[in-house]
Amino acid sequence: MQLYNTLERATVPFVPGNPDRVTIYLCGPTVQAEPHLGHGRSAVAFDVLRRYLEWVGHEVEFVRNVTDIDDKIIARASELRMTTEEVANEAAAAFTDAYDRLGNLRPTIEPKATEHVDEMVAAIETLIDLGHAYESQGDVYFSVRSFPDYGKLSRHNIADLRAGERAEHDDRKRDVLDFALWKSAKPGEPSWPSPWGEGRPGWHIECSVMARMYLGDGFDIHGGGTDLIFPHHENEIAQSEAATGKPFARFWMHNGMLNLSGEKMAKSTGHVVTLLGALDQWDAVAVRLFYLRTHYRKPLDYSRAALEDAEASLERLRSFRRRVPGSVEVSPRADVIERFKAAMDDDLDGAAALAVLFETVREGNSALDTGSDVSSLVAAFDEMMGVLGLTAPATLEADDGAVAALAATYGIVEGDVDDLLELRDRARQSKEWETADAIRDALIELHITIEDTADGARWHRH
RNA sequence: GGCGACGUGGCCGAGUGGCUAGGCAAGGGUCUGCAAAACCCUGAACCCGGGUUCGAUUCCCGGCGUCGCCUCCA
């Protein structure tokens with residue numbers, strides 16, 4: 001298997017340090033507000049990585065942190081007159097809900113920053129002892145020039161960074177590029193005790209500490225969005241490797257941004273489509289398919305049309321599977337699985353993997369039309385759908401109220417879709433096509449599609 | 001200004017130095033109640049200008065354009 005390693009700027013063979021336990025750390029969200037579609041993309045990209053690794057036989061330790069203390073959470077809490085804990089818990093619950101609905105497996109460990117402050121303080125002390133950090137007016141900063149490799153991930157060099165520095169000069173820092181490991185607390189802010197007074201950890205040290213604590217030094221894969229390469233991941237490397245002298249993570253994987261009207265979706269600008277909102281509007285599996293259609297490293301543009309396209313594609317997959325009800329017990333067709341693996345082994349080429357899936361559907365449909373055995377194709381289909389996390393049934397519920405209202409117009413009290421289908425069936429039998437078609441068309445308006453088959457009418461939410 | 005990514009048919013989107021991506025939409029057909037849904041089939045592309053090559057959408061150089069990072073951010 002080959003993966004693109006940002007550290008090398010190349011796609012290179014991926015061999016786990018320990019094949020029995022592949023270790024992945026993914027930068028999770030800062031829980032200040034509810035998730036948007038971009039967060040979902042990152043979560044899905046790495047969920048597919050994890051599922052694929054497990055499918056090919058690895059055990060995977062998958063850590064995704066929750067940053068539940070930072071300046072923005074504090075600002076939001078004071079704005080809403082809530083505690084930072086309340087803000088964080090509420091947002092974290094929204095993330096969990098949205099990620100579950102997307103069909104992501106839960107991380108094996110989901111550490112919270114606030115539960116690891118002691119370890120962070122210890123790590124900062126180590127950095128001070130080693131001369132890589134210094135205290136200044138209750139803050140502690142990492143000294144960038146003390147780490148010669150600084151810039152190796154983002155391919156920046158210190159001189160260029162200084163030249164392009166836009167941040168205002170802060171006289172507590174010895175160098176504009178130095179970044180905070182510890183921030184002193186202002187009155188009323190949540191804080192933890194430390195040798196430098198009451199305060200809170202800086203964002204970057206949180207990830208360094210939690211990653212090393214759960215996965216050890218030199219773990220396999222560190223992931224996140226491309227927007228985190230600099231400074232966040234660069235700083236994580238600096239802190240960790242300065243402290244230990246050992247490599248921090250072996251592979252760095254970064255997912256591309258989700259764009260809205262050609263521009264990056266970002267909380268800070270309010271330029272967002274919320275994830276939960278999208279999941280109320282579209283089938284969760286369609287949203288997932290929308291992500292997977294584009295290679296994970298490329299930018300992906302959100303649009304209504306793109307989601308509708310994904311929805312239609314998903315329907316093709318589902319209707320194929322509906323033709324062969326139940327589970328299949330035979331082994332999957334080997335050539336299909338081989339092609340699927342080839343696509344996934346090539347830096348998780350989801351789009352190419354989907355092509356294999358759709359080709360399988362076409363071949364399967366043709367075989368069904370001629371009455372050939374399709375069980376090994378269906379088995380392969382199920383395997384691939386499982387690895388991609390697309391097997392969930394339709395997630396959007398029929399609107400019971402609207403259906404009942406429709407039924408009422410035909411004199412049915414508290415009717416459901418099945419009642420309407422029964423009515424339509426009777427109309428069809430007596431060749432009252434207008435009535436039958438009116439019911440069908442009205443149901444389509446309610447996102448319910450009817451399929452007339454030899455065994456009678458079936459319906460599904462679309 | 002520095003670093004980086006990308007520009008493929010109507011739309012989305014893989015990939016390759018010469019040989020079919022795939023999806024959506026469109027057109028044709030099968031089935032059917034003339035339908036709907038479903039299924040099958042079909043076509044069309046590689047930003048511009050040079051260069052390397054027997055041959056480039058694919059490699060190299062230049063241009064134009066879009067986007068990301070350089071500040072919090074998945």
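Order of the sequence lines sets the chain letters (A, B, ...), proteins ahead of strands, with each chain counted from 1.
R64(A) comes within 4.0 angstrom of nothing in the nucleic acid, heavy atoms only. Among the atoms of the strands shown, base atoms are found under 4.0 Å from some heavy atom of L258(A). At a threshold of 4.0 angstrom between heavy atoms, the contacts of R9(A) are confined to the sugar-phosphate backbone, with no base atom among them. The residue A312(A) sits close only to the backbone: its heavy atoms come under 4.0 Å of sugar-phosphate atoms, none of a base. Residue contacts for K267(A): at a heavy-atom cut-off of 4.0 Å it reaches the sugar-phosphate backbone alone, with no base atom in range. Residue contacts for G40(A): at a heavy-atom cut-off of 4.0 Å it reaches no nucleic acid atom on any strand shown. Across all strands shown, R323(A) has heavy atoms under 4.0 Å from sugar-phosphate atoms exclusively, and none from any base. In this structure, E359(A) reaches the sugar-phosphate backbone alone: every heavy-atom distance under 4.0 Å involves primed, P, OP1 or OP2 atoms, never a base. Here K298(A) lies in heavy-atom contact (under 4.0 Å) with sugar-phosphate atoms only. Across all strands, D452(A) comes closer than 4.0 Å to base atoms (heavy-atom distances). Contacts of G38(A) with the nucleic acid, taken as non-hydrogen atoms under 4.0 Å apart, include base atoms. Base engagement by H36(A) is indicated by at least one non-hydrogen atom pair under 4.0 Å involving a base atom. At the heavy-atom level, S303(A) lies nowhere under 4.0 Å from the strands shown. Within the 4.0 angstrom heavy-atom criterion, no nucleotide atom of any strand lies near R41(A).
H156(A) contributes a side-chain N or O that forms a donor-acceptor pair with the base of rG2(B) under 3.5 Å. Residue side chain D437(A) reaches the base of rG33(B) through a donor-acceptor N/O pair under 3.5 Å, judged by distance alone.
Only the P atoms considered, rC61(B) is 39 Å distant from rC24(B), to the nearest whole Å. For the P atom pair drawn from rU66(B) and rA37(B), the interatomic distance equals 40 Å after rounding to whole Å. Nucleotides rG27(B) and rG10(B) place their C1' atoms 13 Å apart, quoted to the nearest Å. Nucleotides rG62(B) and rC72(B) have their C1' atoms positioned 38 Å apart, rounded to a whole Å. The same atom, P, is picked in rU57(B) and in rU8(B); the two are 15 Å apart, to the nearest Å. Separating the C1' atom of rA26(B) from that of rC34(B) is a span of 23 Å, rounded to the nearest Å. Using C1' as the reference atom, rA44(B) and rG13(B) are 16 Å apart when rounded to the nearest Å. For the P atoms, the distance linking rC60(B) with rG7(B) amounts to 13 Å, nearest Å.
Across the protein-nucleic acid pair, R318(A) atom CZ and rC24(B) atom P stand 14 Å apart, rounded to whole Å. We find that CG of N255(A) is positioned 10 Å from P of rA74(B), with the value rounded to whole Å. Regarding Y150(A), its OH atom lies at a distance of 20 Å from the P atom of rG2(B), rounded to whole Å. Between E311(A) atom CD and rC11(B) atom P there is a gap of 22 Å when expressed in whole angstrom units. The OH-P distance, from Y302(A) to rC11(B), rounds to 20 Å in whole Å.
Atom CG in L153(A) sits 6.5 Å away from atom CZ in R9(A) (nearest 0.5 Å).
When atom types are taken as modelled, the side chain of D416(A) and the backbone of D419(A) share a donor-acceptor pair closer than 3.5 angstrom.
Using bins of under 30°, 30° to 60° and over 60° for the plane-to-plane angle, the ring pair F179(A)/F142(A) lands in the parallel bin.
No side-chain donor from either of S261(A) and N259(A) sits under 3.5 Å from a side-chain acceptor of the other. Using a 3.5 Å distance cut-off with no hydrogens or angles, the side chains of T23(A) and D220(A) do pair a donor with an acceptor. Looking only at atom types and distance, the side chain of R424(A) has no donor-acceptor partner in the side chain of Q429(A) under 3.5 Å away.
No close placement of the F62(A) and F46(A) rings is indicated, their centers lying 6.0 Å or farther apart.
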